[in-house]
2 protein chains.
Amino acid sequence: MELVWTPVAPGVWRAQVGKPDGPTLLSAAHDVPRVDALKEMGSQSPSMPFELKTVAGEVADEFTSARIPLGPEEHLYGLGLQMHGSNRRGEVYHLRVDHYASGHDRLHAPVPLYVSSKGYAVFFNTSRPITVYAGVGNRRDAKNPAARDRNTDPKWDAQPPADAVEASVHGPGMEIYLFAGPTPLEAVERYNLLCGGGALPPRWALGFWHRTPSLDTAEDVQKEVAEFEKRGYPIDVLGLEPGWQSKSYPCTFDWSKDRFPDPRDFVSKLKSKNVHVNLWSNPYVSEASPIYKALEPNYGSHMVWLGPAPDLMVPHAAKVIGDFFTKTHLDIGVSGYKIDEIDGFDNWLWPDHATFPSGLSGVRMRQIYGLLWQKELDEIYRKQDRRTFGLVRGSNGGGSRFPFALYSDTYDHREYITGMVSTGLAGVLWCAEARDAANGEEWVRRMQTAAVSHIAQLNAWASGTKPWSFAGYEDSVRSAMLFRTRLVPYLYTAFAQYHYQGTPVIRPMSLVDGGEETDQYLLGDELLVTPMLTGQKSRKVRLPKGDWYDFDSGVRVGNGTTIEITPALDKIPVYVRAGALIPVLSGKVLNSTLTPDSELEIRHYGTEAGHGWLYEDDGETFAYEKGSFVLQKLASDAPSGSTFAGSISAAKGHYADGFKHITWKHVGP
Amino acid sequence: MELVWTPVAPGVWRAQVGKPDGPTLLSAAHDVPRVDALKEMGSQSPSMPFELKTVAGEVADEFTSARIPLGPEEHLYGLGLQMHGSNRRGEVYHLRVDHYASGHDRLHAPVPLYVSSKGYAVFFNTSRPITVYAGVGNRRDAKNPAARDRNTDPKWDAQPPADAVEASVHGPGMEIYLFAGPTPLEAVERYNLLCGGGALPPRWALGFWHRTPSLDTAEDVQKEVAEFEKRGYPIDVLGLEPGWQSKSYPCTFDWSKDRFPDPRDFVSKLKSKNVHVNLWSNPYVSEASPIYKALEPNYGSHMVWLGPAPDLMVPHAAKVIGDFFTKTHLDIGVSGYKIDEIDGFDNWLWPDHATFPSGLSGVRMRQIYGLLWQKELDEIYRKQDRRTFGLVRGSNGGGSRFPFALYSDTYDHREYITGMVSTGLAGVLWCAEARDAANGEEWVRRMQTAAVSHIAQLNAWASGTKPWSFAGYEDSVRSAMLFRTRLVPYLYTAFAQYHYQGTPVIRPMSLVDGGEETDQYLLGDELLVTPMLTGQKSRKVRLPKGDWYDFDSGVRVGNGTTIEITPALDKIPVYVRAGALIPVLSGKVLNSTLTPDSELEIRHYGTEAGHGWLYEDDGETFAYEKGSFVLQKLASDAPSGSTFAGSISAAKGHYADGFKHITWKHVGP
C-alpha cells in the first residue's frame, strides 16, 4: 500500500499505516514540534534520497508493517541506547523497554529511530513494541540477487543483501516520520526539533553529582558535603537514595522523620552552599503513602514490590502526584528526581497483559511509562518557572526535550562509553556514572569517564565510595571533577545548541564524518573525547580532518590520521579542533554556580584565528523562552608572538548578567 | 472471567479464553487424542489439586490471558526444550520458536506445557507466541503478603511470592488444557496421550546414525559404510547432508546427478547392508527445483536464502511436496529426513509480519512450521505403511506423536545433557549428537552422551570426524556405539511405553521422585544414566530409593544416597534398579536389524526376583496399530547360588516373529 505523506515542516514528513490507536510516543511525551527552528535550518528544500512513494505500508493478520527503501551501500545507525556496535544494518531489533542486560533488543531507551549514512532518518511513532528488520529479509516481490548454490558456490551468502528496512508492530496501525538531511547530523537535528528540541538543563546540573548511602541521615549528608568542600572536590548536586523516604520499594514519596526530621532546613542548608538536592524514587506506591488512597482507583492491575503503579494517563492521578510532590519537595527547594525501575525487568514489572484504567495494556504502558513520568515532573517544575534536571532509568522516542539522563545498573565501563556514543542517535542523555572500583586506577578512569558524560555523577549509594577513597589517587580524581566543573560554560553552550538547534551534545563519529568508532566522540562542536579504560596503557584515536590539539598542552597531535596515545593516569584524553575557542571556568571552583567573582577563561588552540560560541542565561528559569538569553560569538586573532586578542559580540538574544572577569588564553607549547 | 471446562477424557479438561482464531498447536499437528489409553490409566477419578473454577481468563486491549492458581510450595517444570535448570518458577518465559542460542525464551521447541510438583500439568494450546509468568507477578486483587520496607526490613523480597501462573498471547483467544496426575509423571503421560501418544520409531532408528561430509559422492559414502563394517563400528542409519541435492540453500529436493548418478542403486546397496538413508533438507525452494513452479502461488511473502517458503497449510502445496518426495525419495527406499533451519534464527527467517497464502502471519507460521513439516513427512510414509524417523530443528507442543528428534547447532556438552533431561517434560525427542572434539577424551565422552540420547548420531558433515579419528580412543568409542546398539530391545520397549502409555523415554528426576538434577535421568523404567563431561574425573550421582547396581559389573552402588563415582574413560555410568530384567542384543552386532541368528540376552540385577517387559513388532510398518505386536512380561527367580531361571509370557497382543536365541544372565560380582 502506498502511503500518504503530510509535510510537518521543511524536511519532515509524516504518514500513517493502518489506523493507529491510543497514545503514540510523541503524544505521550506531549511534544510540540519546533517548526520555527526547523524552518531556520540551512537546507532550503530538503529532500529524501528516495521518492516518498517508494515507502510502503501494509496491515495483515493483526500486524502493521512498513518498508523503507535501502541502498546497497547504506549503513544504518541508532535504534536507541545501544551498548554495542555502530552500524545496525543486518540485524533484527525487537525494541522493548527493559532493564538492559545484554543484546540489542531490550533497552533502557529503545528509541525506534534510525539514521542512514546517506543522510536521512526514519522514526516509527508507536507506543507498541516494534521490530525493525534493519536491512534483513528478502521479499519475493523485491529486486533480489539470484540465489546461489551453497554446495559449490563460495560466494553463497548466509544473509543475502536486502533492499529495504522493514518494521512491524502487532496492532492496527502506526505513524512514520521521515527526516531529510542532507547530512545524518541534520536528520538527527530535525528529529530532535520535532520532539521539541533537546533538553536545556539548569546550569547547576552540568556540574558534579554525588549520591550518598541510602540510610544516611541529614546530618551524615551535611558532613559529607562539608568534607567535599574541605578537601576541594567540587559538588553541584547531592542525590538522596531510598532512605530519605519513610518507606521504600514501594514508596511513600514522603520524608523519613527519623533520618530527615527537618527536610526544609536540610535542603536550604545545602542550597546555601549551592548544592542542589535530588531525590530518588520509583513509581510504585506504598499503602503508607499519604497519596495512596487519593490515587485509587487509578492504578494498574498488577503491583511492583507489592505497590501499585499509578496510571499517569489519567489526569487526576497525575494531579494527585504533582500536587504532593510540589508541596512536599519542590516547595522546600528540592531540585529534581531520579526515577528508578521504570523499565523493568520482567520479573519485577507488571505482565504484558496487565490492564490500566486508561485502557492501555501493560506492554504499551511499559513502552511509555518513562516518558509519562518525565513529562509529569518536567511540568510541575515548569509551573514554578524553575528548570529541573534528573535521572530516569527508562525512556523512549519523543523524549528529547525532557531534562533527564538515563543510567543503568549494569556497570561495564566499555559499554558505558558505547552507550554514551549511541545517545547522539537517540535524542536521549546518558549518565556514565562511577559507582565503585576494584582499585585506584579503575577509580580514576571511571571518574574520568563520568566527567565527560552528559551528567557527571558519583553514585555511591551502595558502596559508600568517596572521591578520595583510594589513597594515592585523590588528586587524579579531583582533577577529573574539576575538569568537568570548569568545562560547564562550554557544556552549557553545547546544551543550548541541543535545545535550539537539535544538535546532540555527544556526537558519534557517524554524525561527524561517517566514522563508526564506539569509543570516541565529539563533545559539542570542538572537543574530541577518547576515554581510557582500566588497564589500558595506550589506545588508538582517529582524528577527523583538520588539525587537532591536546586540550591541556595545546600540542598539535595530527590531522585526519589515527594516532596511538599513552595518556598518564591523571589525564583525560581530549583534543581540540584548530581555531577553537573554548570557554571554561578558571580561578577557584567549588561548583558551577556563577558569582560576581566567577572567572571565565577563553582558551584558543592552533595557529588560525579563533572562533566559538558562548551561551548564557539565568541558568535556572524559563525566562530564556521569552528571549532572556544571549548567544555570543567569540572571535580572536591568530596568535602571533605575544600578540593575542579576542572579542565577544552578542549574535542573538539579550541577557544582562554574564561574566565580569574574562581572560583570553592561547594554549600552546 | 470464570472459564467453562469441557472434560476431554478422564483427567483432561479443556477451556477456551476469548475467541481463538486460526490453527492451534494441536490442530496444526492434527492430533487425535488417545482416549482409550487415557481411560486405561490407573487413577479412577483423577482430579486437579485446585478447583477448576479458580482458573480465570481475560481478554483486554488485544491480549488474552489466563491465570492458574499456584500454591506457595509448588515447583514448576517444563516449558519446552530448555538447556538450563529445572524448577521454572520465578521467571518469565517469552516462548518462541528460534534457533536456541542462550536464555530460556527462544527455543527449538518452546512447548507451552508446564508440570507442577503437585502432580498436574497445564498446556496452552495456541499457535501464537505466548508469555508465561511462572509464579511471577502480584495482582492487586490477589491475596498478597504485606509489603515490606526495603530501607530497614532485612526480609524485604525483590520478588514477592505470587499465587498464580499467568500466561498471555497477543490475540483474541487461546485454549487451555489441564491434566490431572496424581503424580507429575501421570500428568505428562496424559499430555502425551492427548497428543496421540509418543512416537514409536521403526526399530532401526534406535541404532547408530552417521552423517557423512556434505560433498561426498555415492562412492565415498559406500566406502565409509564399508569402513565401519571392516572396523567393527555399528551403523543403522546413514545421513546425507546438503550435497546430495543438485542445489541447496535454497533446495531443489532433487538428487545431484554428479554426486549421486544412480540414487536408487545407492539406496538399495546400503539397504542390503541394513543401513537406512536419511536425507537432509531445509524447506526453502530453489527456482531450479522441479516443484518450484507447481508450488506457486502457495509461498510466503518472504524468502529464506532467496528461496520461498511453501505454505503447508494449503493442501495443494502439501500434496505437491508429498508427491515429489514420495516419487523421488520414498519410492527408492529413503528412510526419512532431517529438516533443518525450520526455526530461524531471526536474521535468516521471514519477519513476524510476513504473510502466507493461508492467511497466517509469519510469527504464527514460525511457531507451527516445524509441526507442519513433521506431519507432512509422517503422512507420506504412513501412506506406504512404513514408519519413518528423522530429525527436525524446530517443533512445538502437540507434536509428541511425530517420529522426529530435535537437534541444535549449539554444541555445549552440558547443555545437551540438560536438554535431554528437559525433553521428558515437553513431549519431544532429542539428539545429543557428536560432531567433533578437541581431543580423544572429549570424543569418547561426546560419543557416550550420544549413545544414551533418544537418537544416537555422529554428525560429521562439517568436520569429517570418524569414530576412529582419535588414535588410542578407537575402542572406547566402539564400545559406546555397541552399548547403544545392544540396548535397542530395551529402548524399543521404552519407546512402546511412550507410544502406548505416554511415558517419556527419558525421564527427568522431577518425574521420578521430585529431584531437580539436570545431569542425570532415567532411561526407560530401569536405567539411571549419569553422563560424564570432558575433563570430569568424578561426579556425584543421586540414587533414588531402592537398590541400584552397576550396569556392567552388577555391583550394588547404593540406595537413596548420593554417591561419588570415578568411571574410567571407556565407561558410560549406567545403573540398574534392583530386580530389573534388561533385554539386550548379544553376540556379534553390526546394527539393530534382527535376523534369525539374533541373540537376546536378558540381564538380571540384584537379589530379588526379576521383572521386566519386552515389546516386539515388525519394527517397520504400522501393523502394530491393528494389533500385530506383543508386549511380553519378563520374570525370573531370585538368583540363588547357581540356580537362575526366567520366563516370558505375552501380556498383550500377538506377534509371530521374535527372538529365537534367548539367554538369561544374572549380572553380579
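Predicted, not measured: the structure shown is a model, and the values here were computed from it. Below, chain A is the first sequence line, B the second, and so on; all start at residue 1.
Interface remark: B/Phe63 contributes side-chain atoms only to the contact with chain A (heavy atom separation under 4.5 Å). Using a 4.5 Å cut-off between heavy atoms, B/Arg67 makes no contact with chain A at all. Proximity to chain A (any heavy atom under 4.5 Å) is restricted, for B/Glu58, to the side chain, taken from C-beta onward. When heavy atoms are compared at a cutoff of 4.5 Å, A/Ala146 approaches chain B solely by way of its backbone atoms N, CA, C and O. At a 4.5 Å heavy-atom cutoff, the contact between A/Asp157 and chain B is made by backbone atoms alone. Heavy-atom distances place no part of A/Thr64 under 4.5 Å from chain B, backbone and side chain included. For B/Pro160, the part lying near chain A is the side chain, with the backbone staying farther off; criterion is any non-hydrogen pair under 4.5 Å. Using a 4.5 Å cut-off between heavy atoms, B/Arg148 contacts chain A through its backbone alone, with no side-chain atom that close.
B/Tyr133 contributes a side-chain N or O that, together with a main-chain N or O of A/Asp352, makes up a donor-acceptor pair within less than 3.5 Å. Checked by atom type and distance alone, the side chain of B/Asn138 never pairs as donor or acceptor with a backbone atom of A/Met303 at under 3.5 Å.
Ionic pairing of A/Arg140 and B/Glu296 is present here: one or more N-O contacts between side-chain nitrogen and carboxylate oxygen are shorter than 4.0 angstrom.
The aromatic rings of A/Trp156 and B/Trp305 sit tilted relative to each other, their planes meeting at an angle between 30° and 60°.
Residues A/His353 and B/Asp61 bring no donor and acceptor atom of their side chains to less than 3.5 Å of each other. No side-chain N or O of B/Asn151 forms a donor-acceptor pair with one of A/Gln245 less than 3.5 Å apart.
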